[in-house]
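Before any comments, here is the structure.
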2 protein chains.
Amino acid sequence: MDLTARQQEIINVSVSLIADKGIQNLTIKNIAQTIGISEPAIYRHFKNKFEILMTILDSFELIATDVLNSEEIKDLSSLDKIEFFLLDRYRRCVENPNLSKLMFAEENFQDDEQLSKKVLNIMHSHKDEMHKVISAGQKLGEIRDDIDSIALFRIIFGPMRLLIKQWGLSGCRFDLLEEGKKLWEAEKKILK
Amino acid sequence: MDLTARQQEIINVSVSLIADKGIQNLTIKNIAQTIGISEPAIYRHFKNKFEILMTILDSFELIATDVLNSEEIKDLSSLDKIEFFLLDRYRRCVENPNLSKLMFAEENFQDDEQLSKKVLNIMHSHKDEMHKVISAGQKLGEIRDDIDSIALFRIIFGPMRLLIKQWGLSGCRFDLLEEGKKLWEAEKKILK
DNA sequence: ACCTTGTTAGTTAATGCTCACTAACTATAT
DNA sequence: ATATAGTTAGTGAGCATTAACTAACAAGGT
């Protein structure tokens with residue numbers, strides 16, 4: 001995962017091409033044109049198109065595990081951990097709106113078996129990490145335990161995904177972070 | 001929207017082709033092969049590929065408006081209306097799993113401007129319909145009003161979308177309707 | 001009863017475009 | 001001298017779509 005400057009440029013361009021007009025818009029020609037080099041030059045940096053897509057997914061995988069295993073989150077309460085994770089997601093999306101359009105667009109990779117397996121793995125590992133936090137919070141009495149942790153997981157992350165999708169479809173025309181904070185305030189009322 | 005038997009067959013096959021391997025899998029050749037006729041024969045029934053996609057979206061548009069304007073839902077309480085809508089969605093997905101993979105996969109249509117506009121319209125009209133129900137319920141005291149209706153909308157429908165997506169990605173390996181009912185029971189606790 | 005005409009739903013063959021990818025070559029910087 | 005990062009030109013495959021033709025059937029006039 002040590003990408004050269006050119007490789008990183010190709011990945012960035014690829015993400016924005018997909019975000020803009022879907023996976024069909026990701027062609028070697030479009031990548032090359034956007035960067036301003038010829039098509040074969042792309043193959044100096046990636047073996048083939050598949051490797052480009054795989055590298056995009058690799059970068060997604062990093063995001064969540066990074067946050068949940070960071071030092072600064074260690075001593076927080078369960079609710080604060082969830083808040084940290086949610087707001088971190090919103091901030092990342094605002095920083096890179098293209099990412100937001102891809103992050104929850106699992107369909108984009110379902111064309112290829114290897115890629116869709118990877119997508120599924122990423123989803124599962126994120127889910128497992130959050131489950132731990134939720135059930136720990138329930139045991140400590142910080143989170144209500146009259147609703148099972150699986151349902152709570154869906155109730156916390158479903159709305160986040162929907163909000164980010166609405167933001168993407170709206171062309172980023174509202175303040176995602178502010179709306180995200182409002183949503184979290186509402187969710188907090190519900191969790192206690 | 002009066003489709004001949006052959007047109008309906010093409011639509012059904014198209015939906016399952018997309019659901020199976022993404023929009024890239026929807027080619028005239030694949031449609032023709034699945035049905036067992038030649039490629040040009042498809043053009044006897046649809047002007048072009050765009051019209052096929054448009055017809056698929058048309059059928060999606062019908063689904064939600066149908067439910068929300070049906071007679072049987074008229075005299076129900078707000079909560080029961082929402083329950084009816086949610087469970088109806090789950091049942092439709094179980095009946096036609098291919099539909100579920102497409103229903104919330106807006107990315108599939110973002111390649112084309114006209115199609116993505118249509119997708120956005122469908123989303124908005126569904127959201128507007130549900131907003132009415134939620135704020136009516138708040139005014140009647142059936143739904144808590146310490147959380148604004150926009151956040152409540154996201155808290156109700158975000159989890160449903162996530163659940164259906166998980167079901168699709170899992171290869172329909174759990175009982176969607178049962179899980180959906182459980183989720184709704186949890187959501188009901190939250191809404192009151 | 002039987003030709004004429006038109007429609008419907010299919011066929012084979014072909015067109016022009018775009019795709020991912022490769023071969024062969026070249027400039028440049030170390 | 002050699003590795004790096006680019007170029008032009010081309011290949012073969014797959015794509016949506018069209019042209020031209022045909023078999024099956026139905027209605028109307030004689």
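Because the structure is predicted, anything quoted here is derived from the model rather than measured. Naming: A, B, ... by sequence-line order, numbering from 1 per chain.
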Which whole-number value in Å describes the distance from Tyr43(B) OH to dT12(C) C1'? 16 Å

Between atom NZ in Lys47(B) and atom C1' in dA16(D), what is the gap in whole Å? 14 Å

Decide if atom NZ of Lys21(B) counts as having more than 12 heavy atoms of other residues, nucleotides or ligands within a radius under 6.0 Å. no

Nearest whole angstrom, please: distance from the P of dG10(C) to the CD1 of Ile35(B). 9 Å

Atom-pair distance (CZ on Phe46(A); C1' on dT4(D)), nearest Å: 16 Å

Any salt bridge (charged side-chain N to carboxylate O under 4.0 Å, His left out) pairs touching residues 151-170 of chain B, not counting sequence neighbours? Glu106(A)-Lys165(B), Glu107(A)-Lys165(B), Glu179(A)-Arg154(B), Glu106(B)-Arg161(B)

d(CD1, Ile31(B); C1', dT17(D)) in whole Å: 13 Å

With no hydrogens and no angle check, just 3.5 Å: does a side-chain donor-acceptor pair link Glu142(B) and Ser78(B)? yes

Indicate for each nucleotide in nucleotides 6-15 of chain D, in 5' to 3' sequence, whether protein heavy atoms under 4.0 Å reach the base (B), only the sugar-phosphate (S), or nothing (-). BBBB-----S

Pairs flagged by salt bridge (charged side-chain N to carboxylate O under 4.0 Å, His left out) wherever residues 74-87 of chain B is involved - sequence neighbours left out: Glu71(B)-Lys74(B), Glu83(B)-Lys188(B)

Find the distance Ile52(B):CD1 to dA16(D):C1' and express it as a whole number of Å. 11 Å

Taking atom types as modelled, find out whether Asn25(A) and Asp20(A) have a side-chain donor-acceptor pair closer than 3.5 angstrom. no

Between dT17(D) (P) and Phe50(B) (CZ): distance, integer Å: 11 Å

Salt-bridge present (Asp128(A), Lys132(A); N to O < 4.0 Å): no

